[in-house]
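Down below is the structure, laid out as structure tokens.
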Amino acid sequence: MTKAIRVHIPGGPDSMLWEDVPTPEPGPGEALVRHAAVGLNYIDVYFRTGLYKAPSLPMTIGMEGAGTVLAIGSGVTDVAVGDRVAYAGALGAYATERVLGADKLVKIPEGVDFTTAAAMMLQGMTAQYLLRRTYQVKAGDPIVVHAAAGGVGLILCQWAKHIGATVIGVVSTAEKAALAKAHGAAHAVVGYGDLVAAVKRITGGAMVPVVYDSIGKDTFNTSMDCLAPLGLMCCYGAASGPIPPIDISILGAKGSLFLTRPSLATYTVKRSDLVATAGELFDVVKSGAVKINVNQTFALKDAAAAHIALESRKTTGSTVLIP
Ligand code: NDP
């Protein structure tokens, strides 16, 4: 037997139960991994509450982990028993041991520990595709980054600064503003009330070519008003709730804007894209250009406390659950 967090009925943090489950066996193309660390991500909240539909119930939530390969099924060539591996984007991570498609796994390079690997795969690969593929940020670009002191946020700030961009971070408190600035944000705006005016001032009225908005409902309109003509509204999350349906003529009225709702799954569905994305992430982390801040750790069995902290905006940087 092994242990896992299971949700029988989607709902609040107390819907997550720490239960005995049979140790799974890897089938063809699969690997059994013993987790050393599991990453906490906002998408775990969306699955727990039912905003994202469970494939079946009971469900073990969690998309990201790092650990050691214990066994492999037939036909697996990407990893071997004993490899140190990490992954993002495979539901079922809140478990001591789990089976997943071996093609989702990447080997953890030397010098990167399990906790750091578990913290960075999902948030760091997201930062990679957002900055390098959804929009190709260039040196000198001013960009707006919401939740700049959060998990994805602190990585975006550091990586964008490394590229040479001017990050205008948006946060909810003065402490978070200081943290975002210490991680590469040139400016940190507290709250959304003055954001448009601040962006106007900082850019001399030109506004920004891209807004990375992970907040959703509460910030959509404000973010649109921060964009320069032909700018890209990148809605990659909905921490405040989903954006209601919009009339697309607003894109024309505000300057022939582009709108996207990207997802890491699409950007890493091909094994070659996954390996390249993870490889670039490992490179910036190993070079020291991007530091992964694991600012909170919880025992995996205490996942409810971790969710409460994340949802009440008490966390900064990344959070890891230890089995
Ligand atoms: P964060 O660490 O960024 O935590 C969420 C932050 O959102 C909070 O700390 C808070 O920062 C801000 N926030 C604003 N309004 C609310 C609200 N009403 N309730 C809660 N938080 C709020 O989480 P992650 O780094 O894990 O994820 C960041 C976002 O990125 C999420 O929206 C997630 O869904 C998205 N994401 C999307 C991916 C994709 O491929 N599309 C992949 C990975 C993440 P503050 O207090 O400063 O406002």
Side-chain angles (χ1 to χ4, degrees), residues 13 38-49 51-52 61-64 88-91 93 118-135 144-159 168-181 183 185 188-193 195 211-220 222-223 233-243 259-269 273-274 277 281 292-296 306-321:
V38 171
L40 176 76
N41 292 284
Y42 223 91
I43 192 170
D44 306 346
V45 173
Y46 305 148
F47 272 108
R48 191 207 73 217
T49 58
L51 178 65
Y52 286 4
I61 63 170
M63 305 295 278
E64 175 181 46
L91 191 65
M120 76 176 175
M121 292 299 291
L122 202 147
Q123 296 170 348
M125 290 202 293
T126 299
Q128 193 279 350
Y129 85 74
L130 290 175
L131 296 172
R132 312 268 295 130
R133 296 175 69 196
T134 305
Y135 177 87
V144 169
V145 172
H146 281 279
V152 179
L154 282 186
I155 301 174
L156 281 176
C157 288
Q158 296 174 82
W159 203 329
I168 305 169
V170 190
V171 292
S172 63
T173 67
E175 292 74 25
K176 289 185 177 186
L179 193 63
K181 281 188 155 180
H183 288 83
V189 179
V190 178
Y192 323 125
L195 181 61
V211 174
Y212 293 111
D213 189 330
S214 60
I215 311 301
K217 179 170 67 64
D218 289 357
T219 49
F220 182 78
T222 304
S223 294
M233 175 69 182
C234 177
C235 299
Y236 74 99
S240 69
I243 298 158
L259 171 64
T260 185
R261 201 314 180 184
S263 134
L264 177 63
T266 320
Y267 282 84
T268 53
V269 70
D273 285 334
L274 170 66
T277 306
L281 171 64
I292 304 301
N293 294 274
V294 181
N295 291 351
Q296 302 77 211
H307 277 224
I308 290 167
L310 182 64
E311 286 179 272
S312 57
R313 302 161 84 158
K314 298 245 164 57
T315 65
T316 58
S318 305
T319 303
V320 166
L321 309 171

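Here the structure is a predicted model, which means the values were calculated and not measured. Remember, it's 1-based here, ligands and their atoms both numbered in the order they're listed. All residue numbers in this chain count up from 1 along the given sequence.
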Practice problem: Using atom types as modelled and distance alone, determine if a side-chain donor or acceptor of T222 lies under 3.5 Å from a backbone N or O of Y192. | Solution: no
Self-check item: Near ligand 1, at a heavy-atom separation below 4.0 Å: residues by chain and residue number
Solution: N41, Y42, Y46, L122, Q123, T126, Y129, A147, G150, G151, V152, V171, S172, K176, Y192, S214, I215, Y236, G237, A238, A239, S240, R261, P262, S263, L264, L310, E311, R313
Exercise. Return yes if some donor-acceptor pair links the side-chain N/O of Q128 with the main-chain N/O of G124 below 3.5 Å, else return no.
Key: no
Quiz prompt | Distance, nearest 0.5 Å, that separates CE of M63 from CG of L264 | solution = 8.5 Å
Self-check item: Any residue meeting salt bridge (Lys or Arg N to Asp or Glu O under 4.0 Å) with E175, in chain and number order, not counting sequence neighbours
Solution: none
Exercise. Determine yes or no for a side-chain-to-main-chain donor-acceptor pair under 3.5 angstrom, with R313 supplying the side chain and S172 the backbone.
Key: no
Quiz item: Taking T315 for the side chain and A309 for the main chain, is one N or O donor matched with an acceptor at less than 3.5 Å?
Solution: no
